[in-house]
Engineer: 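Before I ask anything, here is the structure I am working with.
Just so you know, these numbers use all the heavy atoms, side chains as well, and skip hydrogens, waters and symmetry mates.
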Amino acid sequence: MAKLDAIISYANHYLKVEEGEDAPGAHNGLQVENSGRVTRILASVDSGLAVIKKASAAGSSSLLIVHHGLFWDGVQPVTGTFGRKLELMRAADMALYSVHLPLDAHATVGNNVLLGKALGLHRLEPLLGFGRSGSFAGSRDELVRRVMKTTGRVPQVCAAGPERPRRVGVITGGAGDLLEKVAAAGIDTFVTGEGLQWTWLRAEELGVNMIYGGHYATETFGVRALAAHLAKKFRVPWQFVDHPVPL
């Protein structure tokens with residue numbers, strides 16, 4: 001057993017949650033507290049009702065770490081689905097910790113650095129503050145195969161750039177709308193989770209390869225790595241609560 005406040009204090013410092021900007025609804029940090037005891041750490045990408053139900057079934061006095069927290073819609077009544085989530089967490093003595101861009105950006109357990117390494121990118125560097133870029137010693141087709149193997153799903157590919165990428169950018173999740181900034185940074189191949197329809201057309205105009213690996217599929221890396229790190233430090237077990245979203 002570990003103490004919740006000790007884990008949260010360490011995680012906030014480790015991830016530097018107070019130092020970076022994020023979306024207004026992110027509310028990085030502890031979003032729901034429990035009795036103060038943690039017997040296991042759980043990790044998941046989202047905090048939907050289905051995830052909370054699965055996490056509740058894993059046992060009591062847990063800490064659930066998610067990338068997408070509860071409050072993206074701002075203040076809301078504690079009724080309906082939102083109220084049900086809180087009821088389930090309270091009944092299971094479950095705490096919930098959410099971390100968004102600080103987890104994307106982290107140099108060790110971050111989504112972007114971990115995906116970049118898994119794809120075999122070399123000499124990784126920061127991209128737009130929280131992404132990563134690196135060189136790739138292979139063809140575009142080989143990179144696409146690695147994305148498929150790493151994420152477990154077939155990506156959508158706009159093959160508008162070079163057949164042999166020179167500089168590959170990685171920003172997980174819904175970062176397709178950052179295409180123009182990514183291209184301006186010298187990236188000729190952009191790996192992300194998803195993007196709006198216009199990003200495909202703009203990639204054609206800019207001559208940039210776009211590889212859409214799936215929002216969920218590109219963001220399982222960080223929560224897993226963070227949970228494993230905290231579990232080792234605080235000597236409690238951990239597990240991943242998988243609830244795939246095929247987008």
Side-chain angles (χ1 to χ4, degrees), residues 2 4 6-20 22 26-31 38-48 51 54-55 58 62-69 94-134 146-153 168-175 191-193 213-245:
L4 176 66
I7 298 176
I8 299 306
S9 177
Y10 174 82
N12 285 342
H13 177 74
Y14 181 65
L15 297 166
K16 301 179 180 179
V17 298
E18 302 295 335
E19 295 183 17
D22 209 326
H27 294 293
N28 294 306
L30 184 65
Q31 293 191 346
V38 175
T39 58
R40 65 180 52 78
I41 295 175
L42 308 175
S44 195
V45 176
D46 303 300
S47 57
V51 171
K54 290 179 180 180
S62 62
L63 168 61
L64 174 61
I65 297 171
V66 297
H67 189 47
H68 303 132
M94 182 192 305
L96 186 142
Y97 182 85
S98 178
V99 59
H100 189 234
L101 289 188
L103 186 59
D104 287 326
H106 199 270
T108 304
V109 298
N111 282 315
N112 293 306
V113 71
L114 291 174
L115 180 54
K117 288 180 177 179
L119 296 179
L121 302 187
H122 303 287
R123 296 184 294 276
L124 287 171
E125 299 176 351
L127 173 64
L128 304 186
F130 53 92
R132 289 293 187 275
S133 67
R146 292 196 185 190
V147 171
M148 182 166 57
K149 180 179 180 180
T150 301
T151 63
R153 54 165 287 166
V168 178
V170 175
I171 303 180
T172 61
V191 180
T192 188
H215 196 135
Y216 178 91
T218 60
E219 293 197 324
T220 63
F221 304 94
V223 289
R224 287 176 181 266
L226 177 60
H229 175 78
L230 295 175
K232 181 178 180 179
K233 181 171 182 61
F234 290 93
R235 299 181 181 180
V236 292
W238 80 276
Q239 69 186 80
F240 181 61
V241 181
D242 195 16
H243 190 72
V245 177

Engineer: I'd like to know if the side chain of Lys54 and the backbone of Asp242 have a donor-acceptor N/O pair within less than 3.5 Å.
Structural biologist: yes

Engineer: For Arg40 and Val236, indicate whether the former's side chain and the latter's backbone hold a donor-acceptor pair under 3.5 Å.
Structural biologist: no

Engineer: Between Thr150 and Leu115, is there a side-chain heavy-atom distance shorter than 4.5 Å?
Structural biologist: yes

Engineer: Of all the heavy-atom pairs spanning Leu101 and Asp22, show the shortest one and how long it is.
Structural biologist: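 Closest heavy-atom pair between Leu101 and Asp22: N-OD2, 3.0 Å.
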
Engineer: Write down the atom of Arg153, the atom of Gly214, and the distance for their closest heavy-atom approach.
Structural biologist: NH1-CA, 3.7 Å

Engineer: For the aromatic rings, using the six-membered ring if either is Trp, is the centroid distance between His106 and Tyr14 under 6.0 Å?
Structural biologist: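 Yes, ring centres under 6.0 Å apart.
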
Engineer: Rounded to the nearest 0.5 Å, what separates atom CG in Leu114 from atom OG1 in Thr108?
Structural biologist: 8.5 Å

Engineer: Within the 4.5 Å heavy-atom criterion, are Leu230 and Trp238 side-chain neighbours or not?
Structural biologist: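 Leu230 vs Trp238: side chains apart.
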
Engineer: Are Leu128 and Ile171 close enough that some pair of their side-chain heavy atoms sits under 4.5 Å apart?
Structural biologist: yes

Engineer: Quick one: does Asp104's side chain have a donor or acceptor within less than 3.5 Å of a partner on Asn112's backbone?
Structural biologist: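 Not a single qualifying donor-acceptor pair exists.
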
Engineer: Looking only at non-hydrogen atoms, find the nearest pair between Val241 and Val51 and report the distance.
Structural biologist: CG1-O, 4.1 Å

Engineer: Using atom types as modelled and distance alone, determine if a side-chain donor or acceptor of Tyr10 lies under 3.5 Å from a backbone N or O of Lys233.
Structural biologist: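 Side chain of Tyr10 to backbone of Lys233: no pair is present.
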
Engineer: With rounding to the nearest 0.5 angstrom, report the CD1 to CG distance, Ile65 to Leu42.
Structural biologist: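 With rounding to 0.5 Å, CD1 (Ile65) is 8.5 Å from CG (Leu42).
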
Engineer: Within the side chain of Thr218, is there an N or O that forms a donor-acceptor pair under 3.5 Å with the backbone of Thr172?
Structural biologist: no

Engineer: Can you name the nearest heavy-atom pair linking Pro126 to Ser133, along with the distance?
Structural biologist: O-OG, 4.4 Å

Engineer: Counting distance only, does the side-chain N/O of His68 pair as donor-acceptor with the main-chain N or O of Ser44 below 3.5 Å?
Structural biologist: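 Looks like no, no N/O pair under 3.5 Å.
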
Engineer: Ignoring hydrogens, what is the shortest heavy-atom contact between Asn12 and Gly29? Give both atom names and the distance.
Structural biologist: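 Closest pair (atom of Asn12, atom of Gly29, distance): OD1-CA, 4.0 Å.
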
Engineer: How long is the straight-line distance from CZ of Arg146 back to CG of Leu121, given to the nearest 0.5 Å?
Structural biologist: 8.5 Å

Engineer: One pair to check against side-chain contact (heavy atoms from CB on, under 4.5 Å): Val66 and Val223. What are the steps and the verdict?
Structural biologist: CA-CA 6 Å; Val66 297; Val223 289; 5.6 Å; no

Engineer: Could you measure the distance from the CD1 atom of Ile41 to the OG atom of Ser62? Nearest 0.5 Å is fine.
Structural biologist: 10.0 Å

Engineer: Report yes if the distance between the aromatic ring centroids of His229 and Phe234 is under 6.0 Å, otherwise no.
Structural biologist: no

Engineer: Pairing donors with acceptors under 3.5 angstrom, does anything connect the side chains of Glu219 and His215?
Structural biologist: yes

Engineer: Counting only N and O atoms by type, is there a donor-acceptor contact under 3.5 Å from the side chain of Ser47 to the main-chain atoms of Gly69?
Structural biologist: yes

Engineer: Kindly give the heavy-atom pair with the smallest separation between Ile7 and Ala2, and that separation in Å.
Structural biologist: CD1-CB, 3.9 Å

Engineer: Do Val113 and Leu124 have side chains that approach each other closer than 4.5 Å (heavy atoms only, starting at C-beta)?
Structural biologist: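 Side-chain contact under 4.5 Å: yes.
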
Engineer: Indicate yes or no for a side-chain donor-acceptor contact from Arg132 to the backbone of Ala105 under 3.5 Å, with no hydrogens or angles considered.
Structural biologist: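 Checked: pair present.
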
Engineer: I would like to know whether Tyr216 and Asp46 meet side-chain contact (heavy atoms from CB on, under 4.5 Å); could you show each step before the answer?
Structural biologist: CA-CA 9 Å; Tyr216 178 91; Asp46 303 300; 3.7 Å; yes

Engineer: Could you pull out all residues at least two apart from His67 that satisfy ring pair (Phe, Tyr, Trp, His ring centres under 6.0 Å)?
Structural biologist: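 With sequence neighbours excluded, His67 shows a ring pair (Phe, Tyr, Trp, His ring centres under 6.0 Å) to His100, given in chain and number order.
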
Engineer: Can you tell me how far apart CG (Leu30) and OG (Ser9) are? Round to the nearest 0.5 Å.
Structural biologist: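 Atom-to-atom, Leu30:CG and Ser9:OG are 11.5 Å apart.
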
Engineer: About how many Å separate CG of Asn28 and OH of Tyr97, when rounded to the nearest 0.5 Å?
Structural biologist: 7.5 Å

Engineer: Report yes if the side chains of Val109 and Leu15 come closer than 4.5 Å at any heavy-atom pair, otherwise no.
Structural biologist: yes

